[in-house]
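This report concerns only the one structure given below.
Residue numbers start from 1 in every chain, and the chains themselves are labelled A, B, ... in the order their sequence lines are given, proteins ahead of strands.
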Number of protein chains: 2
Amino acid sequence: MKNFDTVSLSFDTNNHDHGRCIHTAMKVADKLCLSRSVRLTPARRRVLELIWESHHPVGAYDVLSRLSQESGKTAPPTVYRALEFLMEQGLIHRIESLNAYVGCAHPAEEHAGLFLICTDCGCAAEVHDEAIDQAIVTKAATLGFRPEQRTLEVRGTCPDCRPNT
Amino acid sequence: MKNFDTVSLSFDTNNHDHGRCIHTAMKVADKLCLSRSVRLTPARRRVLELIWESHHPVGAYDVLSRLSQESGKTAPPTVYRALEFLMEQGLIHRIESLNAYVGCAHPAEEHAGLFLICTDCGCAAEVHDEAIDQAIVTKAATLGFRPEQRTLEVRGTCPDCRPNT
DNA sequence: CTGTAAATGTTATAACATAACAATGGCGAG
DNA sequence: CTCGCCATTGTTATGTTATAACATTTACAG
């Protein structure tokens, strides 16, 4: 069994202990917010939990309908404010190509991940790779471009979705 | 003066002959569609021209309002159908992080660009880099992921927008 | 010509996101 | 303690982006 202390995963989607995964993510979030003196209020915390319920990116309106079920009528700004807060704190990422949100695997650290998104099962894995970072920085420098924020998303097929080959 | 036969550019935005840039892009599009036996109809052609009017990504509803001015009432599907066609033919790219569309600099060739998007002037440059491609392919392979479609967008500041330093 | 498939027109609505202002609640200064 | 302030949440309305579904027109092969 792999070590999930860092909530890392890259396609163990089918057979990892996701309860533990959520639990760890929430503990990390609590600690991080405490250390930054920002408030992970019940609403924000609940949104984060809902996003962590799977490794599939979740749409804002999916979160909204879950909240509405649980807590009665809820309006879009409630969700978008929570998402905004969680993004600012680096606790979630937005997947631009899906208009959806996914829990961040390494919220405490530097922040420039690449997302591998399976078009079959829908799961998304956040990976970090020095060679990719370096290649982008180098290319940008060559052109005199100063990079600031990245959106790196690759759609394709994850190993769980093609067991053969 | 650089050679714009390929409609390539990387931040010459302020001082290149953009008329020529559009002209070339349209000629390439015509040839490409002819060779593929697909129809670059007037509507599709006009949408492509509008997108090529600058190197700034253009929103679908911007295109729509231009068309409405020119040709009277136009509905969204008209624009989205043209965009869909142009994407299929590789003549434009969608910038996911902006919900906007930009002309493709190399429509005839293989298709996995990186977009450098200036958050100051709004221009977007499509670049290709073997090292980046390779790093992504390698990383994906390591994880057993089969990449298919990429969204690589880096926001930052282009050289024209910080003349000093 | 004319049948057929591609393209376009038209109407309506879905999906995603934010503006603007009101009400509430946590919490430090006095 | 309590007052006042600012962060947070509630509420209503609307803005922005995109597609479904069906009608009509057009290109063009036979």
Side-chain angles (χ1 to χ4, degrees), chain A residues 29-30 33-34 36-51 56-89 91-102 117 122 151 153, chain B residues 29-30 33-34 36-51 56-89 91-102 117 122 151 153:
Chain A
D30 285 330
C33 289
L34 191 59
R36 292 174 182 167
S37 302
V38 296
R39 294 167 56 205
L40 190 61
T41 62
R44 291 167 174 174
R45 200 167 193 285
R46 185 63 190 133
V47 169
L48 183 57
E49 279 174 358
L50 288 172
I51 289 174
H56 295 56
V58 177
Y61 277 72
D62 294 338
V63 173
L64 180 59
S65 69
R66 294 290 306 275
L67 286 183
S68 293
Q69 285 168 22
E70 294 176 5
S71 323
K73 199 185 86 178
T74 307
T78 301
V79 172
Y80 281 102
R81 283 166 182 156
L83 293 173
E84 184 185 19
F85 171 86
L86 296 170
M87 297 266 289
E88 281 167 7
Q89 299 306 320
L91 294 167
I92 60 173
H93 291 286
R94 176 177 164 82
I95 306 298
E96 296 290 347
S97 59
L98 298 174
N99 294 335
Y101 304 82
V102 70
I117 303 156
T151 299
E153 301 168 7
Chain B
D30 284 330
C33 288
L34 191 60
R36 290 174 183 167
S37 301
V38 296
R39 293 167 57 205
L40 190 60
T41 62
R44 292 167 174 173
R45 201 166 191 285
R46 186 63 190 132
V47 169
L48 184 57
E49 278 174 359
L50 288 171
I51 289 174
H56 296 55
V58 177
Y61 277 73
D62 294 338
V63 173
L64 181 58
S65 69
R66 296 289 309 273
L67 286 184
S68 294
Q69 283 168 26
E70 294 175 4
S71 324
K73 199 186 84 177
T74 307
T78 300
V79 172
Y80 282 101
R81 284 167 182 155
L83 293 173
E84 183 184 20
F85 170 86
L86 296 170
M87 296 264 292
E88 282 168 5
Q89 299 305 319
L91 294 167
I92 61 173
H93 290 285
R94 176 177 163 82
I95 306 297
E96 296 290 349
S97 57
L98 298 174
N99 294 336
Y101 304 82
V102 70
I117 303 156
T151 298
E153 300 168 10

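Backbone-only engagement by Tyr101(A) is indicated by non-hydrogen atom pairs under 4.0 Å involving sugar-phosphate atoms exclusively.
Using a 4.5 Å heavy-atom cutoff, the side chains of Arg94(B) and Asn99(B) are in contact.
Taking the side-chain contact (heavy atoms from CB on, under 4.5 Å) definition, one finds that Thr78(B) meets it with Thr74(B), sequence neighbours left out. Considering only residues two or more places apart in sequence or on other chains, Ser71(B) meets the side-chain contact (heavy atoms from CB on, under 4.5 Å) condition with none of them.
Bending across the helix from dC1(C)-dG30(D) to dG30(C)-dC1(D), expressed as the angle between its end axes from five pairs apiece, amounts to 20° (10° rounding).
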Give me, pair by pair, the N or O atoms of the protein and of nucleotides 24-30 of chain D that are less than 3.5 Å apart, along with how far apart they are.
none

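Legend: salt bridge (charged side-chain N to carboxylate O under 4.0 Å, His left out) pairs involving residues 72-82 of chain A, not counting sequence neighbours: none detected.
The shortest heavy-atom contact between Tyr101(A) and Ile51(A) is O-CG2, 3.9 Å. Of all heavy-atom pairs between Pro57(B) and Gly122(B), the closest is CD-O, 3.4 Å. Closest approach of Glu153(A) and Ile117(A) over heavy atoms only: CB-CD1, 4.0 Å.
A nucleotide of DNA chain C counts as in contact with chain B when one of its atoms lies under 4.0 Å from a heavy atom; the first and last such, 5' to 3', are dA7(C) to dT11(C).
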For residues 36-50 of chain B, run the donor-acceptor check on the side chains, cut-off 3.5 Å, and write out each pair with its distance to 0.1 Å, sequence neighbours left out.
from	atom 1	to	atom 2	distance (Å)
Arg36(B)	NH1	Gln89(B)	O	2.8
Arg36(B)	NH1	Gln89(B)	OE1	3.0
Thr41(B)	OG1	Arg44(B)	N	3.4
Arg44(B)	NH1	Arg39(B)	O	2.7
Arg45(B)	NE	Asp30(B)	OD1	3.1
Arg45(B)	NH1	Glu49(B)	OE2	3.1
Arg45(B)	NH2	Asp30(B)	OD2	2.7
Arg46(B)	NE	Glu70(B)	OE1	2.9
Arg46(B)	NE	Glu70(B)	OE2	3.2
Arg46(B)	NH1	Glu49(B)	OE1	2.7
Arg46(B)	NH2	Glu70(B)	OE2	2.6

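Separating the CZ atom of Phe85(A) from the C1' atom of dT9(D) is a distance of 14 Å, rounded to the nearest angstrom.
Residues from residues 69-81 of chain A that place a heavy atom under 4.0 Å from any atom of DNA chain D, listed by number: Lys73(A), Ala75(A), Pro77(A), Thr78(A), Arg81(A).
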Do Glu96(B) and Thr151(B) pass the side chain to side chain donor-acceptor pair (under 3.5 Å) test, and can you show the C-alpha distance, the side-chain angles, and the key distance before you say yes or no?
-> CA-CA 7 Å; Glu96(B) 296 290 349; Thr151(B) 298; 4.8 Å; no

